[in-house]
Asker: 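My questions will all concern the structure given below.
Sequential numbering from 1 along the given sequence is applied to the chain's residues.
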Amino acid sequence: MGAIRQCSRSACRQSAVATLTYVYADSTAVLGPLATYAEPHCYDLCEQHAGSLTVPRGWEVLRLAMPSQPPQPGPDDLLALADAVREAASRPASPPPGQRAAHSALEAPAATEGTRRGHLRILREPS
């Protein structure tokens, strides 16, 4: 389940109920029900801003039918939620915050030709 989206208008903290999309090629603004997913070139609007929408002179506003009630979760939504819970339960448990996970012991690097000084290694160029 996604978070409730807010109105795209600045300083408005109301929940979005409609999505506004501009079709620049046709000089049209399309205002319809809230889109399922937030799209980068669309604007989510609250009820007040959707009702008072104005567009530039010469543009047309296409208002799609708005549902009278927000959609209720359907069987597909509930199955998706159940699948997400099963998937999260099947993952190995992560360590509590601030605690490191157990790692396998590190193996020493394979022996190579060259002189070793501290953590650095000087490799001779192959002839």
Side-chain angles (χ1 to χ4, degrees):
M1 299 237 128
I4 296 175
R5 299 197 316 250
Q6 291 183 340
C7 183
S8 297
R9 296 290 300 261
S10 14
C12 183
R13 299 288 174 229
Q14 298 296 319
S15 296
V17 296
T19 298
L20 172 65
T21 306
Y22 290 109
V23 182
Y24 294 98
D26 298 334
S27 299
T28 304
V30 180
L31 183 68
L34 188 63
T36 306
Y37 300 102
E39 296 289 334
H41 300 291
C42 295
Y43 301 92
D44 296 334
L45 300 175
C46 66
E47 191 171 349
Q48 176 189 358
H49 287 119
S52 64
L53 174 70
T54 60
V55 295
R57 189 174 306 180
W59 281 57
E60 181 182 353
V61 178
L62 179 60
R63 294 180 185 265
L64 303 178
M66 300 290 284
S68 58
Q69 296 179 3
Q72 299 299 319
D76 291 340
D77 296 330
L78 296 175
L79 288 173
L81 180 61
D83 290 340
V85 169
R86 281 189 206 104
E87 182 181 329
S90 68
R91 290 186 195 141
S94 59
Q99 207 175 41
R100 290 181 146 185
H103 293 285
S104 59
L106 296 175
E107 296 179 17
T112 59
E113 294 181 18
T115 309
R116 186 172 173 93
R117 300 199 182 210
H119 66 284
L120 301 176
R121 182 184 312 258
I122 300 172
L123 299 175
R124 308 245 184 254
E125 194 161 321
S127 335

Asker: Check whether L31 and W59 end up in the same hydrophobic cluster, where Ile, Leu, Val, Met, Phe, Trp and Tyr are linked by side-chain heavy atoms less than 4.5 Å apart.
Answerer: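 Yes, L31 and W59 fall within the same hydrophobic cluster.
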Asker: Would you say R5's side chain and A35's backbone share a donor-acceptor pair under 3.5 angstrom?
Answerer: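 Yes, R5 side chain to A35 backbone: donor-acceptor pair under 3.5 Å.
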Asker: For residues Y24 and L53: do they belong to one hydrophobic cluster (side chain heavy atoms under 4.5 Å, members Ile, Leu, Val, Met, Phe, Trp, Tyr)?
Answerer: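 They do share one cluster, since a chain of ILVMFWY contacts under 4.5 Å joins Y24 to L53.
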Asker: Indicate, with yes or no, if M66 and I4 share a hydrophobic cluster defined by side-chain heavy-atom contacts under 4.5 Å among Ile, Leu, Val, Met, Phe, Trp and Tyr.
Answerer: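 No, it is not one cluster - the side chains of I4 and M66 are not joined through contacts under 4.5 Å.
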Asker: Which value, rounded to the nearest 0.5 Å, describes the distance between Q48 atom CD and C12 atom SG?
Answerer: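 SG of C12 is found 6.5 Å from CD of Q48.
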Asker: Nearest 0.5 Å please: distance from the SG atom of C42 over to the OH atom of Y22.
Answerer: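 Separation between the atoms: 11.0 Å.
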Asker: Less than 4.5 Å apart, any side-chain heavy atom of L34 and any of V17?
Answerer: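 L34 does not reach V17 side chain to side chain.
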Asker: If I compare all heavy atoms of A50 with all of A18, which pair ends up nearest, and what's the gap?
Answerer: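 So the two residues come closest at CB-CB, 4.0 Å.
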Asker: Is there a path of hydrophobic side-chain contacts, each under 4.5 Å between heavy atoms, that joins V55 and Y43?
Answerer: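 Hydrophobic grouping puts V55 with Y43.
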Asker: Between CG of D44 and CD of E39, what distance do you get to the nearest 0.5 Å?
Answerer: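 Reported to 0.5 Å precision, the distance equals 9.5 Å.
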Asker: What's the verdict on side-chain contact (heavy atoms from CB on, under 4.5 Å) for L62 and V23, showing C-alpha distance, side-chain angles and the deciding distance?
Answerer: CA-CA 10 Å; L62 179 60; V23 182; over 6 Å; no
Asker: Just verifying a value: how many Å separate S8 OG and Q6 CD, rounded to the nearest 0.5 Å?
Answerer: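 That separation rounds to 9.5 Å.
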Asker: Could you pull out the closest heavy-atom pair between P33 and L64, with the gap in Å?
Answerer: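 Closest pair (atom of P33, atom of L64, distance): CD-CB, 4.2 Å.
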Asker: Tell me, do L20 and H49 make a side-chain contact under 4.5 Å, heavy atoms counted?
Answerer: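 Side-chain contact under 4.5 Å: no.
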